[in-house]
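Keep in mind it's a predicted model, so treat the numbers as computed, not measured. Here is the naming used below: chain letters follow the sequence lines, and residue numbers restart at 1 for every chain.
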Amino acid sequence: MTATPHIPQPPSTAVPVTPAASATPVTPSAPGPAAAPDPTGGALHEPVITWFDEHARDLPWRRPEAGPWGVMVSEFMLQQTPVNRVLPVYEQWVARWPRPADLAKEPPGEAVRAWGRLGYPRRALRLHGAAVAITERHGGDVPTDHAQLLALPGIGEYTAAAVASFAYGQRHAVLDTNVRRVLARAVTGVQYPPNATTAAERRLARALLPDDERTASRWAAASMELGALVCTAKNETCHRCPIAAQCAWRLAGKPAHDGPARRGQTYAGTDRQVRGKLLAVLREAVAPVPQAVLDRVWDEPVQRARALDGLVSDGLVEPLPGGLYRLPLT
DNA sequence: AAGACGTGGCT
DNA sequence: TAGCCAAGTCT
């Protein structure tokens, strides 16, 4: 992880000044500093990558032996789920299914069962579907091409870029919530990025991308790690930040977010909670479960039925004759 | 394009 | 405590 020889590069050669970059570095209405920050990545890449070399966590999917499949599995699991909760499930998963073809030949319900309590179990179904597609269309190897990755179930813009970058060292803008926050603060000068990813953010991320593949993929991992460990959503620790001295938000006095508060997602009493309870029963069961057993997880019959129907139509639950239910075999 | 979609830890 | 937050995707 930290074995890479430290070869400082002339910052000016990392990313040339481009018209596109200097055209849109700062949101016009942003309460940033009077002087626009350096719109190029030159001043950011070197310190952030050097910091990463020293402070990166030793995560299993970052080790060489993880391979593209390990990277891909980790990316699915990390979608909206914290690292600490992913770690044990990831280890079990790759030990049991070391290659896409190993997972592809299992019933989808086994993927859902092995997903455990990571949440958003449709991800398990999609990862299984991706393994099937990889086995059928790509000879069992995780595709290297961004467009082919994007075509797989459960892989969107972020995950396609992440797999291409982390597994294959390609040059892509990897724009996750961590990177968005780092750029919002360091470059744009605001506390939080917009609720939904904007074209301006993508433009900025592309403008900041180092020219060569090797540096670009390290920058992707490093900027993400900085957001995860230092430039966090709350209680950021600027004294540990390698680019604190040039952070537009900090230089502006760390003004509080002004826009609309992020929509809080209520959970108690929702269909999601009911679905979770139903699926928990089915995950633990070794045999098909009678409707009467499922009925015990929620007392309101209309919502309970709606939740179960939803699970069935999502393919997470398979109904059998006689009012029995189980995780899907097909 | 706003909302659905799990789960658990932290403040 | 109640809300916020965590490497998004899909419709």
Item to complete: Select base, sugar-phosphate, or nothing to describe what A:W61 touches, counting heavy atoms under 4.0 Å on all strands.
Response: base

Practice prompt. Please report, rounded to the nearest Å, how far the P atom of B:dG6 is from the CE atom of A:M77.
Written response: 16 Å

Worksheet item: In whole angstroms, how far is the P atom of C:dA6 from the OH atom of A:Y192?
Response: 8 Å

Discussion item. Holding to side-chain hydrogen bond (donor to acceptor under 3.5 Å, both in side chains), I want the full list of residues that pass it with A:R96, two or more places apart in sequence or in another chain.
Written reply: A:E110

Discussion item. Dot-bracket for DNA chain C, please. Rules: Watson-Crick or G-U, both distances under 3.5 Å, ( ) within the strand, [ ] when a pair crosses earlier ones, | for another strand, . otherwise.
Written reply: .|||||.||||

Worksheet item: side-chain hydrogen bond (donor to acceptor under 3.5 Å, both in side chains): which pairs involve residues 146-158 of chain A, sequence neighbours left out?
Response: A:E75-A:Y158, A:H146-A:E157

Worksheet item: Does A:R171 reach the main-chain N or O of A:P210 with its side chain, forming a donor-acceptor pair under 3.5 Å?
Response: yes

Discussion item. Check this one for me: any side-chain N or O of A:R181 less than 4.0 Å away from OP1 or OP2 of C:dA6?
Written reply: yes

Worksheet item: Closest nucleotide of DNA chain B for A:A196 versus for A:N235: which of these residues is on the 5' side?
Response: A:A196

Worksheet item: If we take the C1' atom in both B:dA1 and C:dC10, what is their distance in whole Å?
Response: 12 Å

Item to complete: Considering just the side-chain nitrogens and oxygens of A:R275, establish if one lies under 4.0 Å of OP1 or OP2 belonging to B:dG6.
Response: yes

Fill in: For atom CG of A:D176 and atom C1' of C:dT9, their distance in whole Å
14 Å

Fill in: Sequence neighbours excluded - side-chain hydrogen bond (donor to acceptor under 3.5 Å, both in side chains) pairs with any residue from residues 131-145 of chain A
none

Discussion item. Please give the distance between the C1' atoms of C:dC5 and B:dC5 as a whole number of Å.
Written reply: 16 Å

Discussion item. Using a 4.0 Å cut-off on heavy atoms, which residues in residues 150-166 of chain A reach DNA chain C? List them by number, or say none.
Written reply: A:P153, A:G154, A:I155, A:G156, A:E157, A:Y158, A:T159

Worksheet item: Tell me: CH2 of A:W115 to P of B:dC5, nearest whole Å?
Response: 18 Å

Practice prompt. Taking only Lys NZ, Arg NE, NH1 and NH2, and the carboxylate oxygens of Asp or Glu, determine whether A:K254 and A:E236 approach each other closer than 4.0 Å.
Written response: yes

Discussion item. Using the side-chain heavy atoms of A:Q79, tell me which of these nucleotides is nearest: C:dA7, B:dC5, C:dG8.
Written reply: C:dG8

Worksheet entry | N-O pairing of A:R306 and A:D309 below 4.0 Å | no

Worksheet, complete the sentence: Whole-Å distance, A:L278 CG to B:dT7 P, equals 10 Å

Worksheet entry | Pairwise side-chain contact, A:L183 with A:E201, heavy-atom cut-off 4.5 Å (strictly under) | no

Practice prompt. Using heavy atoms to find the nearest nucleotide of DNA chain C for A:L78 and A:R126 separately, return the residue whose nucleotide is more 5′.
Written response: A:L78

Worksheet item: Between C:dC5, B:dC5, C:dA7, which nucleotide gets closest to the side-chain atoms of A:A233?
Response: C:dC5

Worksheet item: Say you pick atom C1' in C:dT9 and the same atom in B:dG9; how far apart are they, in whole Å?
Response: 24 Å

Worksheet item: Would you say a side-chain N or O of A:R306 is under 4.0 Å from OP1 or OP2 of B:dA4?
Response: no

Discussion item. Taking the C1' atom in each of C:dT1 and B:dG8, what is the distance between them to the nearest angstrom?
Written reply: 16 Å

Practice prompt. To the nearest Å, give me how far apart CG (A:L127) and P (C:dG8) are.
Written response: 16 Å

Worksheet entry | Proximity to the side chain of A:K234 - top-ranked nucleotide from B:dC5, C:dC5, C:dA7 | C:dC5

Worksheet item: When A:W93 is tested against each of A:F76, A:W115, A:W69, A:W61 for ring pair (Phe, Tyr, Trp, His ring centres under 6.0 Å), which residue passes?
Response: A:W115

Worksheet, complete the sentence: Here the distance between atom P of B:dA4 and atom CG of A:D309, to the nearest Å, is 18 Å

Discussion item. Please confirm whether the shortest side-chain N or O distance from A:Y267 to OP1 or OP2 of B:dG6 is below 4.0 Å.
Written reply: no

Worksheet item: Taking atom C1' in both B:dG6 and C:dA6, what distance in whole Å separates the two?
Response: 12 Å

Discussion item. For the backbone of A:C247 and the side chain of A:R250, can you confirm whether one donor and one acceptor N or O come within less than 3.5 Å of each other?
Written reply: no

Worksheet item: If you check the A:R117 side chain, which of C:dC5, B:dT7, C:dA7 turns out closest?
Response: B:dT7

Worksheet entry | C:dG8 phosphate, OP1 or OP2, under 4.0 Å from A:Q80 side-chain N/O | yes

Worksheet, complete the sentence: Residues in residues 81-88 of chain A with a heavy atom under 4.0 Å of DNA chain C, by number, are A:P82, A:V83, A:R85

Discussion item. Does this structure show an ion pair linking A:R62 with A:E225, if we count only N-O contacts that are shorter than 4.0 Å?
Written reply: yes

Worksheet item: Should A:R326 and A:E318 count as an ion pair when the cut-off is N to O under 4.0 Å?
Response: yes

Worksheet item: If Ile, Leu, Val, Met, Phe, Trp and Tyr residues are connected whenever their side-chain heavy atoms lie under 4.5 Å apart, and connections chain through other members, are A:V182 and A:L175 in the same group?
Response: yes

Discussion item. What is the distance, to the nearest angstrom, from the CG atom on A:D314 to the P atom on B:dC5?
Written reply: 8 Å

Practice prompt. Look at atom CZ of A:R99 and say whether more than 12 heavy atoms of other residues, nucleotides or ligands are closer to it than 6.0 Å.
Written response: no

Fill in: Single-linkage hydrophobic cluster A:V317~A:V293, side-chain heavy atoms < 4.5 angstrom
yes

